[in-house]
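First comes the structure, then the notes that go with it.
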Protein chains: 2
Amino acid sequence: MSRWEPDARGRLEQAALELYIERGFEQTTVAEIAKRAGLTERTFFRHFADKREVLFWGAGALQEFLVGSLASAPDSAAPIDAVAAALEAAGALLQERRESAWQRQAVIAANAELQERELIKLASLASAMADVLRRRGVADPAAGLAAEAGIAVFRIAFERWISETSQRDLPQFIRESLDELKAVTAGRSSPAADPRP
Amino acid sequence: MSRWEPDARGRLEQAALELYIERGFEQTTVAEIAKRAGLTERTFFRHFADKREVLFWGAGALQEFLVGSLASAPDSAAPIDAVAAALEAAGALLQERRESAWQRQAVIAANAELQERELIKLASLASAMADVLRRRGVADPAAGLAAEAGIAVFRIAFERWISETSQRDLPQFIRESLDELKAVTAGRSSPAADPRP
DNA sequence: CAGGTCGATGTCAGTCACTGTCATCACTTT
DNA sequence: AAAGTGATGACAGTGACTGACATCGACCTG
């Protein structure tokens, strides 16, 4: 017989998500989350660095998956395509949890602090992917740009996937967004607006 | 004879930047900032929504400039080029303040909370630019992608400009980054660094 | 000029996120 | 059995941020 109920972290995650949905992020205190999980406020902060982090705990696993996925892409693939392939693979995982992703996204969309945290997690993903690309021999400005562009593609694709009722899957949205980005950046080779001295 | 010294907001901005540089963001309390500015903590929060915002107050003007700049681009320009031209114009303004931009960036680079705030400001810029593009008739996935890609280009360019000792100017870095992005998304393997004369 | 309104600031009390420190107690190791 | 370990509780403290009300020069208005 254990002294405490098991999976304290999981109970805290669950309680936090419920309360954030019920009354909103700002209107929820950490003490309330802890109480619902049968723990104390102090214990919450032993498991999560802050009140926001409880919603982003899974990001670490996602990043590991993305990095691994990208690292094992064939060398022949162009950087942007390797990035897109990794994002599609991650997207395929994500869409198995569409309902819970939708809930989570609704909570985040309702609060600026949570959006800030999400943005820095995405920036961290981009940074990690850029590192992998550099290790694969991609030159420096290109590596960062491919990673950042990939994240932009993912953001747009995710947004459309989560807000539309259509049944198209997330990897498909990602492919479409990438094609759209390629079209947008292909544009005209010689910019019309070019006030170069 | 005025009851108070003028430019309370400016004094708070100045005091905050000094203290953030001297002892770091976390080690500075709002009470200390207010005291150095000859005001009270409560007044600080009447001028700035939070302790971070004092570093980002100028972002509003930058966004207005960018939006105006983008809105007045010729209709013939491709979206991504119009975005890049607006960013170059903003970059030209920014580089007149290179030293103060460098200080500010050093403060931000040293603190994750400040990086979060910077990211959401950049996301806001992207969102505003996407709105302008849509008003110009750019279709929906393309508008968001052109704006996000533009921000990615700007981020990379700014990073290189601020960290390198070279005398190249920021608009030039932006043009190079855009060219690099075009190369990356074209699918070709990335060209060797191509510094223009 | 008297009186009233207004806007920027001060004062003060309060909430809540987050931290440091020490105690507790089941379980494990020696 | 004694000592160690790890997760938790208890508690006090700091500091960001807010709401409510007071103050007082500047600016109207009659």
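Chain A is the first sequence line, chain B the second, and so forth, proteins listed ahead of strands; every chain is numbered from 1.
Rounded to a whole Å, the CD1 atom of A:Ile33 is 8 Å from the P atom of C:dA17. D:dA16 atom P lies 16 Å from atom CG of A:Asp50, rounded to whole Å. Here the C1' atom of nucleotide C:dT9 and the CZ atom of B:Phe48 are 15 Å apart, to the nearest Å. Separating the CZ atom of B:Phe44 from the P atom of D:dC17 is a distance of 8 Å, rounded to the nearest angstrom.
Partners of B:Gln14 according to the side-chain hydrogen bond (donor to acceptor under 3.5 Å, both in side chains) rule, which considers only residues two or more places apart in sequence or in another chain, are B:Glu18. By the side-chain contact (heavy atoms from CB on, under 4.5 Å) test, A:Ala59 pairs with A:Lys121, sequence neighbours left out.
With A:Trp102 as the aromatic partner, A:Arg97 does not meet the cation-pi criteria of under 6.0 angstrom to the ring centre and within 45 degrees of the ring axis. Note that A:Arg104 lies in the cation-pi zone of A:Phe56, set by a 6.0 Å cut-off to the ring centre and a 45° limit from the axis.
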Requested in this report: Check the pair B:Gln27 / B:Glu22 against side chain to side chain donor-acceptor pair (under 3.5 Å), numbers first and verdict last.
Outcome: CA-CA 9 Å; B:Gln27 286 66 43; B:Glu22 285 173 22; over 6 Å; no
Query raised in the report: When you look at A:Asp179 and A:Lys182, which way does the salt bridge (charged side-chain N to carboxylate O under 4.0 Å, His left out) test go after all the steps?
Result: CA-CA 5 Å; A:Asp179 288 344; A:Lys182 286 182 175 180; 5.3 Å; no
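Of the N and O atoms on the side chains of A:Gln105 and A:Glu159, not one donor lies less than 3.5 Å from an acceptor on the other residue.
OP1 or OP2 of D:dT8 has at least one side-chain nitrogen or oxygen of A:His47 nearer than 4.0 Å.
A salt bridge is defined here as a Lys NZ or Arg NE, NH1 or NH2 lying under 4.0 Å from an Asp or Glu carboxylate O, and A:Glu176 with A:Arg160 fails to meet this definition. A salt bridge links B:Glu53 and B:Arg117; the closest N-O separation between the charged side-chain nitrogens and carboxylate oxygens is under 4.0 Å.
Contacts classified as ring-ring contact (aromatic ring centres under 6.0 Å, His included) and involving residues 9-31 of chain B (residues at least two apart or in different chains) are given here: B:Tyr20-B:Phe25.
Among the candidates A:Asp50, A:Leu55, A:Val54, the single residue satisfying the side-chain contact (heavy atoms from CB on, under 4.5 Å) test with A:Arg52 is A:Asp50.
Of the residues in residues 104-121 of chain B, not one places a heavy atom less than 4.0 Å from an atom of DNA chain C. For DNA chain D, none of the residues of residues 7-27 of chain B falls under the heavy-atom distance limit of 4.0 Å.
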Report task. Could you encode protein contacts along nucleotides 10-16 of chain C as a string, one character per nucleotide from 5' to 3', using B for base contact, S for sugar-phosphate-only contact and - for no contact, with a heavy-atom cut-off of under 4.0 Å? Result -> BBB----
